[in-house]
2 protein chains.
Amino acid sequence: MAEPRRTRIQDVAEQAGVSMMTVSRVLNQDKKVSNKTRQKVMAVVEKLNYRPNVSARRLASSKSFFIGLLYDNPSDSYISQFLLAALKKCRALGYHLVVDEAHLDINKTIESVKQLIDVTQVDGMILLPPMCDNEDVLEVLTKANVPFVRITPDTKLNSSPYICMDDYQAAFDVTERLINQGHKKIAHIIGNNKQGVSRLRYQGYLDALRSNKITTPPEYIEQGSFTYQSGMEAAVKLLALDDKPTAIFAANDDMAAAVISIAQQQGINIPGDLSVVGFDDTQLARSVWPHISTVKQPINEMAELSVSLLASGQYDNMSNLKSLELRHILDFELIERESSSIK
Amino acid sequence: MAEPRRTRIQDVAEQAGVSMMTVSRVLNQDKKVSNKTRQKVMAVVEKLNYRPNVSARRLASSKSFFIGLLYDNPSDSYISQFLLAALKKCRALGYHLVVDEAHLDINKTIESVKQLIDVTQVDGMILLPPMCDNEDVLEVLTKANVPFVRITPDTKLNSSPYICMDDYQAAFDVTERLINQGHKKIAHIIGNNKQGVSRLRYQGYLDALRSNKITTPPEYIEQGSFTYQSGMEAAVKLLALDDKPTAIFAANDDMAAAVISIAQQQGINIPGDLSVVGFDDTQLARSVWPHISTVKQPINEMAELSVSLLASGQYDNMSNLKSLELRHILDFELIERESSSIK
DNA sequence: CTGAAAGCGCTTACAG
DNA sequence: CTGAAAGCGCTTACAG
């Protein structure tokens with residue numbers, strides 16, 4: 001096969017009647033190019049469908065065009081979805097994703113991060129919960145001057161960009177919907193108390209009850225940890241109460257699935273006797289029966305945005321950031337399925 | 001920070017007292033290097049912990065050091081596990097993984113594959129079921145002379161390497177274990193009839209019954225499709241029989257989970273009244289209660305091996321392969337959990 | 001079996 | 001605002 005040679009920067013330069021350098025500048029968003037030249041070059045780029053050779057670029061520049069992703073054993077569904085979305089976005093922008101799992105031993109995780117910085121030389125890092133809130137990890141990155149984006153609602157670090165959804169409002173809305181459907185006895189299983197989202201979801205639940213003037217006995221609140229197991233334990237307690245709740249709002253889908261399982265074992269009809277709602281909209285929500293009503297996190301959008309932000313280079317100089325630019329909130333969506341219904 | 005410059009091939013060459021070319025040859029497994037020289041070079045490589053610069057390598061050679069992975073909406077658990085294992089192996093070998101999801105429309109999938117070949121210029125492809133058995137996809141790859149590894153037990157293509165486990169034997173063993181535990185009424189839910197594994201697992205089940213002289217009514221065999229939904233439908237039928245089975249072997253975990261859910265809704269105790277076993281050992285097997293007894297597929301090993309095979313270059317010249325080298329069987333493992341017990 | 005030269009396709013640093 | 005030169009760290013192709 002006579003393979004058609006890929007177009008190079010030189011081809012573009014020749015057809016546009018400029019030097020390779022000018023083309024390079026246009027492609028790298030260098031401001032010091034006249035608008036006229038820029039348009040001329042872009043036209044040829046489009047015409048020839050020119051894509052820079054990433055390897056050459058990487059070799060010549062100091063940039064690695066690698067973005068690191070550090071995650072810590074969240075649900076397979078969540079990580080898989082996030083990963084695929086991030087991979088696609090990276091590819092579109094000429095970057096590559098380097099994935100690493102955090103270790104139980106925090107020191108090993110720090111080692112991994114240092115390796116990503118020194119050996120792989122990542123241009124930026126994406127931090128998923130709960131690593132996104134680990135001070136030690138953040139310090140290592142900050143010291144090495146490696147930009148990072150955190151997926152977290154936690155605002156404790158004012159100096160770094162983060163992506164989140166309005167967990168509080170989502171929890172409020174979900175709870176209020178249950179109320180509007182006639183439920184008054186609504187229990188809540190709180191998520192892992194080390195993650196900021198747990199607090200926010202709990203608060204949204206509480207405020208929705210309050211603003212609808214519903215009082216709830218303290219036994220309706222159970223502390224979970226986002227695991228299926230913790231959901232089972234909470235469900236056993238909640239369903240053993242004399243005055244059983246008619247609805248249970250769990251802080252994630254895994255715990256909601258556990259509630260459904262326990263209820264079914266006890267012969268409790270869902271949603272007839274008990275409505276169950278979760279949070280996240282992972283695949284698990286559609287892998288049990290009845291399917292779980294839940295809140296859809298914009299996981300794909302979060303993944304894409306985190307890559308885009310790092311690739312844009314706007315956070316490369318981490319010292320001069322206005323706090324206004326740091327927060328990126330994405331929309332959520334309530335998903336009604338068969339696990340909840342009108343009382 | 002005074003960043004210590006990375007060691008280059010020249011540093012190695014100097015310390016070993018040879019030319020850069022010789023180092024390059026050693027690193028690329030070129031046979032034409034004397035053993036003595038090779039050892040001398042390797043010693044220095046180890047000492048300096050030298051890692052070749054992938055970009056330079058890619059730029060200078062015609063190889064892309066990209067491996068493509070085509071998958072078609074299998075379970076999130078499965079793809080996520082496979083993906084992470086493949087990513088790690090790629091990184092270790094200096095490769096990068098380019099992931100693509102197959103479209104419902106086969107023509108679009110073919111387009112994707114062509115893009116991977118022409119634009120990304122992958123050095124090889126990994127094909128997961130069921131794309132691994134699609135003649136059109138295989139033809140495109142073969143014509144473009146792009147080596148590929150299929151994850152499939154299907155032997156219909158004698159000219160390409162594939163990785164598999166002994167699905168037949170695993171199904172046989174799982175069934176026989178149920179028999180040894182005292183079960184005589186064992187039902188089976190067959191997997192998607194378009195995937196070769198379904199047939200093999202079904203056959204293993206049948207032969208285990210036969211070799212133990214157990215006859216089974218035809219109503220004990222239900223056709224599923226690997227989805228949770230299909231498992232529910234099969235379970236409803238099986239549990240409505242006058243002469244109910246005491247054990248159900250589902251061809252994957254998703255269908256087994258569905259069986260458990262339906263049984264629990266009907267007040268059937270698991271494993272007291274009914275033992276349930278699945279296949280794959282995906283996360284779902286541990287995400288429902290009781291945890292599902294199952295067969296552990298060596299997913300990580302399959303992922304690693306597929307990358308290694310492609311990186312080794314042994315299949316680059318696809319025309320001269322002995323059929324003996326093509327098959328790579330990995331071990332499985334029976335996992336006993338709470339969903340099954342002695343009758 | 002080993003090596004000196006040229007080049008892969010970009011960008012950096014220096015000019016103007 | 002634009003360009004000519006040198007070089008990033010490897011490998012290919014040619015010698016011997």
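These numbers come from a predicted model, not from an experiment. Here is the naming used below: chain letters follow the sequence lines, and residue numbers restart at 1 for every chain.
Within 4.0 Å of A:Phe65, counting heavy atoms only, lies no atom of the nucleic acid at all. Among the protein residues, A:Ser55 comes within range of no part of the nucleic acid, since none of its heavy atoms lies under 4.0 Å from any strand.
Taking atom NZ of residue B:Lys40 and atom P of nucleotide C:dC1, one finds them 14 Å apart after rounding to whole Å. One can place CZ of B:Arg57 at 19 Å from P of C:dG9, the figure rounded to the nearest angstrom. For the pair A:Lys32 NZ and D:dG3 P, the interatomic distance rounds to 15 Å; values are reported in whole Å. Taking atom CD of A:Gln39 as the reference point, atom P of D:dT2 lies 12 Å away to the nearest angstrom. Rounded to whole Å, the distance from CZ on A:Arg58 to C1' on C:dC8 is 15 Å. With rounding to whole Å, B:Arg8 atom CZ is found 16 Å from D:dT11 atom C1'. Straight-line distance from the CD atom of A:Gln10 to the C1' atom of D:dA5: 14 Å, rounded to whole Å. Rounded to a whole Å, the CZ atom of B:Arg51 is 16 Å from the C1' atom of D:dG9.
The two atoms that bring A:Met165 and A:Gln297 nearest to each other are SD-CG, 3.5 Å, heavy atoms only. Heavy-atom minimum distance, B:Leu138 versus B:Arg150: CD2-CD, 3.9 Å.
Remark: of the listed residues A:Leu330, A:Asn300, A:Val149, A:Ile151, A:Leu330 is the sole one forming a side chain to side chain contact (heavy atoms under 4.5 Å, CB included) with A:Leu305. When each of A:Val122, A:Ile126, A:Leu87 is tested with A:Leu69 by the rule side chain to side chain contact (heavy atoms under 4.5 Å, CB included), just one qualifies, namely A:Ile126.
Phosphate contact (OP1/OP2 of D:dG9, side-chain N/O of B:Tyr50, threshold under 4.0 Å): absent. For the OP1/OP2 pair of D:dC8 and a distance below 4.0 Å, the side-chain nitrogens and oxygens of B:Asn53 include no atom meeting the criterion. For C:dC1, the OP1/OP2 oxygens have no side-chain nitrogen or oxygen of B:Thr37 closer than 4.0 Å. Contact annotation: B:Ser61 side-chain N/O to C:dC8 OP1/OP2 distance is not under 4.0 Å.
Within the 4.5 Å cutoff, the side chain of A:Leu70 has heavy atoms near those of the A:Val113 side chain.
Between B:Ile106 atom CD1 and B:Asn134 atom CG the span is 4.0 Å, to the nearest 0.5 Å.
A donor atom on one side chain and an acceptor atom on the other are found under 3.5 Å apart for A:Arg57 and A:Asn28. When only modelled atom types and interatomic distance are considered, A:Ser112 and A:Thr109 share no side-chain donor-acceptor pair under 3.5 Å.
Where DNA chain C pairs in unbroken runs of 3 or more (Watson-Crick or G-U, both distances under 3.5 Å), the stems are C:1-3 with D:14-16, C:5-12 with D:5-12, C:14-16 with D:1-3.
At a threshold of 4.0 Å, the pair B:Lys88-A:Asp100 does not count as salt-bridged, since none of the basic side-chain nitrogens sits closer than that to a carboxylate oxygen.
Judged by the 6.0 Å and 45° rule, B:Arg58 forms a cation-pi pair with B:Phe66.
Projected onto DNA chain C by closest heavy-atom contact, A:Leu59 and A:Lys63 fall at different nucleotides, the more 5' of which corresponds to A:Leu59.
Residues of residues 17-27 of chain B having a heavy atom closer than 4.0 Å to DNA chain C, listed by number: B:Val18, B:Ser19, B:Met21, B:Thr22, B:Arg25.
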